Amino acid sequence: MSLGLIGKKLGMTKVYDSKGDAITVTVVDVSGNAVVQVKQQAGKDGYSAVQVGFDEQRESRLTRPLVGHFKKAGVGGKRVLKEFRFASDADMPAADVVLGPELFTEGQWVDVIGVTRGKGFQGVMKRHGFAGQPATHGHMMHRRPGSIGCRSTPGLVWKNQKMPGHDGTVRRTTQNLKVVQARAEDGVLLISGSIPGSKGSYVVVRPAKKKSAK
Amino acid sequence: MSNIIDKIQTEQLKKEVPNFKVGDTVKVHTRVVEGDKERIQIFAGIVICRRGSSLNEAFTVRKISYGEGVERVFPLHSPKVATIEVTKSGKVRRARLHYLRSRKGKKAMLVKEESRAVSA
């Protein structure tokens with residue numbers, strides 16, 4: 001895995017590209033990322049990773065161990081911590097790597113990880129995309145799941161049977177989104193399309209795992 | 001709205017947008033790319049709708065082409081809309097001129113000319 005950034009979803013807008021076509025983009029604030037700890041395979045951690053912190057947090061809001069942790073790294077308090085792992089120490093980025101929009105180039109493919117918006121208790125049509133039943137022609141059943149199993153064989157309802165329940169608030173990765181603009185002066189990334197989460201929620205932006213060519 | 005999003009949008013707004021209203025007859029010069037060549041195509045008609053604000057503002061132009069009504073929606077700040085030329089200003093009492101759609105023949109393109117412009 002390569003180094004990514006933690007960001008905050010600011011909202012969506014559109015930009016016009018060089019051809020004059022409008023592209024819908026999500027604006028992600030990635031300013032204020034800082035390396036908090038470097039873990040090395042050769043060291044006592046036993047694996048290679050870079051711990052990145054994001055978003056200011058007052059010291060009084062942190063536990064004492066965390067305050068010490070940040071002090072050791074020489075950075076202010078952070079709200080979110082996230083590790084980016086590497087296969088070996090040799091793959092680790094240089095110590096002076098810039099953690100900002102500059103980490104990504106325009107046109108690069110990225111994956112964005114976030115927690116989706118909570119939708120509460122939902123039925124099967126919204127939650128699992130069931131078709132439901134006809135609205136009219138004498139139907140007395142409209143949005144229900146229908147049958148959930150057979151008769152005496154197997155005589156039970158299978159595990160993982162799709163049923164109504166809580167929907168949303170799950171960690172999701174949206175893969176292969178394009179970085180439309182990396183605006184260093186604003187500290188934001190403009191990523192094409194939509195990403196998980198509501199405005200103000202934290203997301204992780206990393207280079208795409210399955211798509212590398214420009 | 002976030003200040004940064006506001007900034008991104010303001011940057012893309014056109015500096016000069018001609019002052020035109022619903023009911024005006026306009027010529028919209030659009031950039032059309034064919035292969036590697038770019039040319040200007042003109043779409044002329046009546047503005048029947050203006051909606052949205054800021055970067056998302058758009059307007060609808062209606063014309064009668066070979067007896068068939070044609071409508072096109074243009075994003076006001078799109079780079080593909082090169083210029084907007086107002087040829088005639090009309091006086092209307094509606095914000096949306098959708099009633100023109102149900103009109104036939106000569107009346108279909110009939111919008112009273114603005115008298116103020118004449119008297120002034």
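All chains are named by letter (A, B, ...) in the order of the sequence lines, taking the proteins before the strands, and each is independently numbered beginning at 1. Bear in mind the structure is a predicted one, so any value in this text is a computation, not a measurement.
- Shown here is B:Arg94, whose CZ atom has no more than 12 heavy atoms of other residues, nucleotides or ligands within 6.0 Å.
- Inter-residue side-chain proximity for A:Phe84 and A:Val204 is flagged as met; some heavy-atom pair is nearer than 4.5 Å.
- A cation-pi contact links B:Lys63 to B:Phe43, judged by a cut-off of 6.0 Å to the six-membered ring centre and 45° from its axis.
- Rounding to the nearest 0.5 Å gives a distance of 10.5 Å between CG of B:Asp24 and NZ of B:Lys88.
- The contact list for residues 184-198 of chain A toward chain B, using heavy atoms and a distance under 4.5 Å, reads A:Glu185, A:Asp186, A:Val188, A:Leu190 by residue number.
- Considering A:Arg206, A:Lys209, A:Lys211 as possible partners of A:Asp111, the one that fulfils the side-chain hydrogen bond (donor to acceptor under 3.5 Å, both in side chains) test is A:Arg206.
- The shortest side-chain heavy-atom distance between B:Leu13 and B:Glu57 does not fall under the 4.5 Å cut-off.
- With a threshold of 4.5 angstrom between heavy atoms, B:Glu11 approaches chain A through side-chain atoms but not through N, CA, C or O.
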Taking it one step at a time, do A:Lys72 and A:Gln37 satisfy side-chain contact (heavy atoms from CB on, under 4.5 Å)?
CA-CA 9 Å; A:Lys72 211 169 154 192; A:Gln37 195 183 358; 5.9 Å; no
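- Among A:Arg183, A:Met12, A:Gln181, A:Lys199, the residue with the largest count of heavy-atom pairs under 4.5 Å with chain B is A:Arg183.
- By the 4.5 Å heavy-atom criterion applied to side chains, A:His69 and A:Gln51 are counted as neighbours.
- Of the listed residues (A:Leu66, A:Ile6, A:Val52), just one forms a side-chain contact (heavy atoms from CB on, under 4.5 Å) with A:Leu81, and that residue is A:Leu66.
- The interface of residues 16-32 of chain A with chain B, defined by heavy-atom distances below 4.5 Å, comprises A:Tyr16, A:Lys19, A:Gly20, A:Asp21, A:Val27.
- Side-chain polar atoms of B:His29 and B:Glu85 form a donor-acceptor pair below 3.5 angstrom.
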